Protein chains: 2
Amino acid sequence: MTPEPRRDESEFLAKYDPRDYDPVAVTVDVVALTIRDGALHVLLVRRGNAPYEGMWALPGGFVQAGGPLQGTDAEDLPDAAVRELAEETGLSAKGGALGRVHLEQLGTYGSPGRDPRMRVISVAYLAFAPELPDPEAGGDAADAAWAPVDALGLAESGDQRPGTTRRLAFDHARILSDGLERARGKLEYTPLAAAFCGGEFTIPELRSVYEAVWGEELHAGNFHRKVLSVPGFVESTGATSDRGGRRGGPRPRLYRAGDARLLHPALLRPSREEEIR
Amino acid sequence: MTPEPRRDESEFLAKYDPRDYDPVAVTVDVVALTIRDGALHVLLVRRGNAPYEGMWALPGGFVQAGGPLQGTDAEDLPDAAVRELAEETGLSAKGGALGRVHLEQLGTYGSPGRDPRMRVISVAYLAFAPELPDPEAGGDAADAAWAPVDALGLAESGDQRPGTTRRLAFDHARILSDGLERARGKLEYTPLAAAFCGGEFTIPELRSVYEAVWGEELHAGNFHRKVLSVPGFVESTGATSDRGGRRGGPRPRLYRAGDARLLHPALLRPSREEEIR
DNA sequence: TAAATAGTGTCTTTGAGACACTATTTC
DNA sequence: GAAATAGTGTCTCAAAGACACTATTTA
């Protein structure tokens, strides 16, 4: 349901007064993931203002609500996420590198007190990006960078002891942790690992995406056969990469993303026994 | 990130004025599912006020924001969902039947224009409940009832043609559709089907939950063996039901939910080929 | 030349699903 | 007694994973 302040629209608008409501702010935060040097990285910005001034945080900001009339300046939530991403990376949203980015809603975080200034409801988005250039700080960020996820000392999924996840502003460590777990799961049953690669990629490159996100080494031979056996996961370009592996080996063939939206059968992570109970 | 209206908190609070912001309302809507007479039902309320007066809608309402100080009246999002559910069902939130309800966040819906009166961001929750008594209308609802999902004429998952999902107020048909798809998926890899049953249940009862949610008949023998073979899905009570099947058959044994949080291996739906591309 | 890697072959084990069958209960 | 149902046995096929092997490339 939705607010019931007045009986109908015209009467409502005539008597409209924002002070009738407890004020709430709605923001969008983005967990933008990419692979750099074979390791999973997340886009962070350093805060230029209080609170948490000087700390690293997820990129994000206000949603343009557009006032009660919700005119053309009213902004949809995914658009706000793309805008924040573009502002922080300095890349253009349409057509450019951001056009290849996968974006999905992650969850909404609205506990009282998560922002000391006022009640803030934050809608978090999760983005998978191919390798992008170093970001340039924009807006109210003092700095921006791709940070290796492993170096952040995050708690593992399921481990929610307080104190283990306190290196980011607000509850952003928790949001990032949720985003990472979502990403791990998504690679199992969707072909979204290809969103971390460019337009063309090799099977070993795809495997390194899985290894970076899952934090586990995979058997090269079995992975290769599995990827090719799932209908619609990848399709061959017919071409061959111009270089072999870093320390030797034949030149791998090139593929692009196929037309599947779901992997069937799925590519399940090995050894998840601990997570089951 | 979060709002940056002022440099620090004390200064912010001194100069605080809600009119500095475009007003936004935050609501919680609940997709509450249960099984009645072997069919999946959703809790709906009939709206007593404009807009969409007289139409059926998901139960929901305002989140108590608590003002800028976010005092004790500030309400967390899941608490708001439980409160709305309790108000509409007339059941007590703690200890009572609602204590057995599974609740999870479904997603957030905030497109401009989804509510004609003002910008409204709605956080949707998904609830799995065992069979509950008929609801009693409360709050601003003119009526409340468990409605069979099949009779709502919803579009199938993936089918988002406009016009096919227009029997509920606002974008609630879309929210319900998303909730149903989430529920179908959750039964595959979590033991949450047990949340639709009471404390003790038989394997055939559990199977009827799967059949109602998936809309497909399952092979009784294979289902039985599968459920017992997944570690931690169910545990035996040692007892036996006091009646056999409706039209004959031996008395099935009783089980309760086990300690698994994930099913491994998962219980995959048959015949999903259409959904893959 | 040595080491690493791409890609394929093969074997074993597990699990899903089809089918059959017995025992038990309701009408 | 007839029909339906609970639960188990068994067979087949698909798939995951371990292991082995060849061919190709880099340092």
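Each chain gets a letter, A, B and so on, in the order the sequences are listed, and its residues count up from 1. Bear in mind the structure is a predicted one, so any value in this text is a computation, not a measurement.
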Could you list all the salt bridge (Lys or Arg N to Asp or Glu O under 4.0 Å) pairs where at least one residue sits in residues 240-251 of chain A, not counting sequence neighbours?
none

Give me the ring orientation class for A/F233 and A/Y210: parallel if the planes are under 30° apart, tilted from 30 to 60°, perpendicular past 60°.
perpendicular

Can you tell me how far [atom2] of [N] sits from [atom1] of [X], to the nearest Å?
X      : N      : atom1 : atom2 : result
A/L228 : D/dA16 : CG    : P     : 13 Å
B/F223 : C/dA16 : CZ    : C1'   : 14 Å
B/R269 : C/dA16 : CZ    : C1'   : 17 Å
A/E217 : C/dT5  : CD    : C1'   : 13 Å
B/L267 : C/dA16 : CG    : P     : 7 Å
A/L218 : C/dA6  : CG    : P     : 13 Å
B/L254 : D/dA6  : CG    : P     : 13 Å

Nearest non-hydrogen partners of B/W146 and B/H41, listed with the distance
O-CD2, 3.7 Å

Would you say D/dA6 has OP1 or OP2 under 4.0 Å from some side-chain N or O of B/H224?
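Negative; the distance criterion is not met.
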
OP1 or OP2 of C/dT8 less than 4.0 angstrom from a side-chain nitrogen or oxygen of A/R253, does that happen here?
yes

Looking at residues 188-208 of chain A, who's got a heavy atom less than 4.0 Å off DNA chain D?
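Output list: empty, so none.
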
Atom pair [atom1]/[atom2] of [X] and [Y] - distance to nearest 0.5 Å:
X      : Y      : atom1 : atom2 : value
A/K226 : A/L268 : NZ    : CG    : 7.5 Å
A/S236 : A/R253 : OG    : CZ    : 7.5 Å
B/T34  : B/L40  : OG1   : CG    : 8.5 Å
A/L254 : A/E205 : CG    : CD    : 7.5 Å
B/L192 : B/L33  : CG    : CG    : 11.5 Å

Taking the six-membered ring for Trp, are A/F201 and A/Y255 closer than 6.0 Å centroid to centroid?
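No, the ring of A/F201 stays outside the 6.0 Å limit from the ring of A/Y255, centre to centre.
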
Under a 4.0 Å heavy-atom criterion, the protein footprint on nucleotides 18-27 of chain D, written with B, S and -, is BB---BBBSS

